[in-house]
Amino acid sequence: MNTEDVLFSLYKYAKNEAEGNLTFIVCDALLGKNIDISDRVDVGDGPNAFVVTYRNQIKLKYVINLRATKIASVRRANPYSDVPDFIAPLADGVRQIDVRTFDFRNASDPWVDVVMKATSLYNGDCIKRQAQHKHYRKRDISHLGIVICHNLWKKYEAQRRNLASNGGQEIYAYHATAPHNVESIARNNLDWRRTPVHGRAHGDGCYFSEYPEFSLKYNKHCMIIFKIILLPNMYRRVKPDSQGYCEQIIMWDDSLFKPVYVLYF
């Protein structure tokens, strides 16, 4: 047996059979056809238990001490199914990244994938709109904010677990706002009960758009990308196009959406 096999065997024994602290002495034993087992080895009760009589038949290899411990619980390091592992333990806030100077070629930087995803979402939606409307012009991102808020993540994660069984779908959508509102939204989410700045042409609710340029009509300097769970009877669409994308999506339950990225122009 190699060292790993020995340790694993002792672990299984200690886990299943033993109580309290244990000390194991592990030896190599010389057993074979040239040894008269009946005279020199007393066979014990267990299938692999034996006693070796002569000293020159054994060679000490390990002395292993196992301390008894009690594991109260086992918790996943990352409890969020859609949050990268290195971001999950970070404190609440908005992590700011200057996109203009960011090194996208640095493969060792874990933020590269996050920045790439955020900018690709925006650029991809802009390209779709340019194909539909030749006059559309994309605005360049100067800074990117990554929203970290465990309270909002937990509420959203609880809804996400039941996504398939509830017949819902998950999308990204945009909501433009003034830069000074970002910290509050990142901490508390949107609240449709607050007095709206731009009115509510289609009734109460939080307004999102799948069109970046439509959201930018309301603020040209800052826009938040939200992740949204669309459940039957829990949202309203306004002016869907031939591909199913909407100018506006109206929602009320703030556990069904969360801010993910902040785009600054």
Side-chain angles (χ1 to χ4, degrees), residues 80-88 90 93-107 109-133 136-149 152-153 156-157 159-160 163 168-177 179 181-182 185-186 189-190 206-230 235 237-251 254 256-265:
Y80 312 111
S81 56
D82 63 341
V83 176
D85 289 345
F86 78 97
I87 293 180
L90 299 182
V94 180
R95 171 70 179 255
Q96 301 284 350
I97 293 175
D98 189 336
V99 175
R100 298 165 300 184
T101 59
F102 186 75
D103 185 4
F104 287 89
R105 296 169 298 178
N106 184 3
D109 185 352
W111 289 100
V112 168
D113 287 342
V114 179
V115 178
M116 283 288 290
K117 182 170 184 178
T119 54
S120 297
L121 277 170
Y122 171 70
N123 291 333
D125 285 334
C126 289
I127 289 170
K128 282 187 292 189
R129 293 298 285 160
Q130 285 172 333
Q132 294 172 324
H133 301 280
Y136 173 67
R137 294 182 63 186
K138 180 175 75 71
R139 297 176 66 86
D140 292 330
I141 303 169
S142 63
H143 289 74
L144 172 69
I146 293 93
V147 178
I148 302 167
C149 183
L152 300 186
W153 288 352
Y156 189 87
E157 181 69 21
Q159 293 282 9
R160 198 170 192 266
L163 182 62
Q169 66 174 127
E170 196 171 37
I171 67 167
Y172 289 94
Y174 301 89
H175 179 94
T177 189
N181 292 329
V182 168
I185 294 172
N189 215 340
L190 293 174
C206 297
Y207 284 60
F208 306 92
S209 178
E210 291 180 276
Y211 300 152
E213 88 285 2
F214 186 89
S215 283
L216 284 171
K217 290 179 182 179
Y218 297 94
N219 192 289
K220 297 187 181 300
H221 303 289
C222 180
M223 184 166 61
I224 302 176
I225 300 180
F226 279 77
K227 205 167 189 181
I228 295 175
I229 294 174
L230 298 178
Y235 66 96
R237 288 181 179 271
V238 178
K239 294 184 180 179
D241 63 17
S242 59
Q243 297 180 355
Y245 295 101
C246 290
E247 275 192 1
Q248 293 178 317
I249 297 173
I250 306 166
M251 303 184 69
D254 65 3
L256 295 174
F257 53 83
K258 66 175 179 176
V260 182
Y261 308 116
V262 185
L263 309 180
Y264 298 92
F265 304 96

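What you see is a predicted model, and the numbers here were worked out from it, not measured in a lab.
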Problem set entry | Rounded distance [0.5 Å steps], CZ in Phe257 versus CZ in Phe226 | 6.5 Å

For this session: Search all heavy atoms of Cys206 against all heavy atoms of Leu190 and return the closest pair with its distance.
Result: SG-CB, 3.7 Å

Problem set entry | Inter-residue atom distance Ile97.CD1 - Ser142.OG, 0.5 Å rounding | 12.5 Å

Problem set entry | ring-ring contact (aromatic ring centres under 6.0 Å, His included) against Trp111, all qualifying residues, sequence neighbours excluded | Phe86

Exercise. Hey, does Ile224 have a side-chain heavy atom less than 4.5 Å from the side chain of Val262?
Worked result: yes

For this session: Sequence neighbours left out, what passes side-chain contact (heavy atoms from CB on, under 4.5 Å) with Glu247? Give chain and number order.
Result: Tyr211, Phe214, Lys239

Problem set entry | Validation row: Lys258, Asp82 side chains within 4.5 angstrom (heavy atoms) | yes

For this session: Would you check if the distance from the ring center of Tyr122 to the ring center of Phe265 is below 6.0 Å?
Result: yes

Exercise. Which residue pairs pass the salt bridge (Lys or Arg N to Asp or Glu O under 4.0 Å) test when at least one of the two sits in residues 93-103, sequence neighbours left out?
Worked result: Asp98-Arg100, Asp103-Arg105

Problem set entry | Closest non-hydrogen atom pair, Ile146 against Tyr261 | CG1-CD2, 4.3 Å

For this session: Hey, could you give me the CE/CG distance between Met251 and Leu256, rounded to the nearest 0.5 Å?
Result: 4.5 Å

Seminar exercise, completed: Here the gap from Phe102 atom CZ to Ile141 atom CD1, rounded to the nearest 0.5 Å, amounts to 12.5 Å

For this session: Would you check if the side chain of His175 reaches a backbone N or O of Ser215 as a donor-acceptor pair within less than 3.5 Å?
Result: no

Seminar exercise, completed: In terms of heavy-atom contacts, Ile229 and Leu163 come closest through CG2-CD1, 3.4 Å

Seminar exercise, completed: Applying side-chain contact (heavy atoms from CB on, under 4.5 Å) to Ile171 and not counting sequence neighbours gives Gln169, Glu210, Ile228, Leu230, Ile249

For this session: In sequence, state the C-alpha distance, the side-chain angles, and the governing distance for Asp125 and Tyr174, and then conclude on side-chain hydrogen bond (donor to acceptor under 3.5 Å, both in side chains).
Result: CA-CA 10 Å; Asp125 285 334; Tyr174 301 89; 2.6 Å; yes

Problem set entry | Results of side-chain contact (heavy atoms from CB on, under 4.5 Å) for Leu152 - residues two or more places apart only | Cys149, Asn189, Pro259

Exercise. Can you tell if the side chain of Leu263 reaches within under 4.5 Å of the side chain of Leu144, non-hydrogen atoms only?
Worked result: yes

Exercise. Val114 and Pro84: which non-hydrogen atoms are nearest, and at how many Å?
Worked result: CG2-CG, 4.2 Å

For this session: Answer yes or no: is there a side-chain heavy-atom contact under 4.5 Å between Trp153 and Ile148?
Result: yes

Exercise. Are Lys227 and Arg160 close enough, and set up right, to give a side-chain contact (heavy atoms from CB on, under 4.5 Å), and what steps lead you there?
Worked result: CA-CA 11 Å; Lys227 205 167 189 181; Arg160 198 170 192 266; 3.9 Å; yes

For this session: Any chance you could measure Cys126, atom SG, to Glu213, atom CD, to the nearest 0.5 Å?
Result: 7.5 Å

Exercise. Of all heavy-atom pairs between Asp140 and Lys138, which one has the smallest distance, and what is that distance?
Worked result: OD1-NZ, 3.4 Å

Exercise. Just wondering, do Tyr156 and Val83 contact through their side chains at under 4.5 Å, heavy atoms?
Worked result: no

Exercise. Taking C-beta and beyond as the side chain, do Tyr172 and Lys117 meet within less than 4.5 Å on heavy atoms?
Worked result: yes

For this session: Please identify each residue that fulfils salt bridge (charged side-chain N to carboxylate O under 4.0 Å, His left out) with Asp109, with sequence neighbours left out.
Result: none

Exercise. Of the non-hydrogen atoms in Val99 and His143, which two are nearest, and what is the gap between them?
Worked result: CG2-C, 4.1 Å

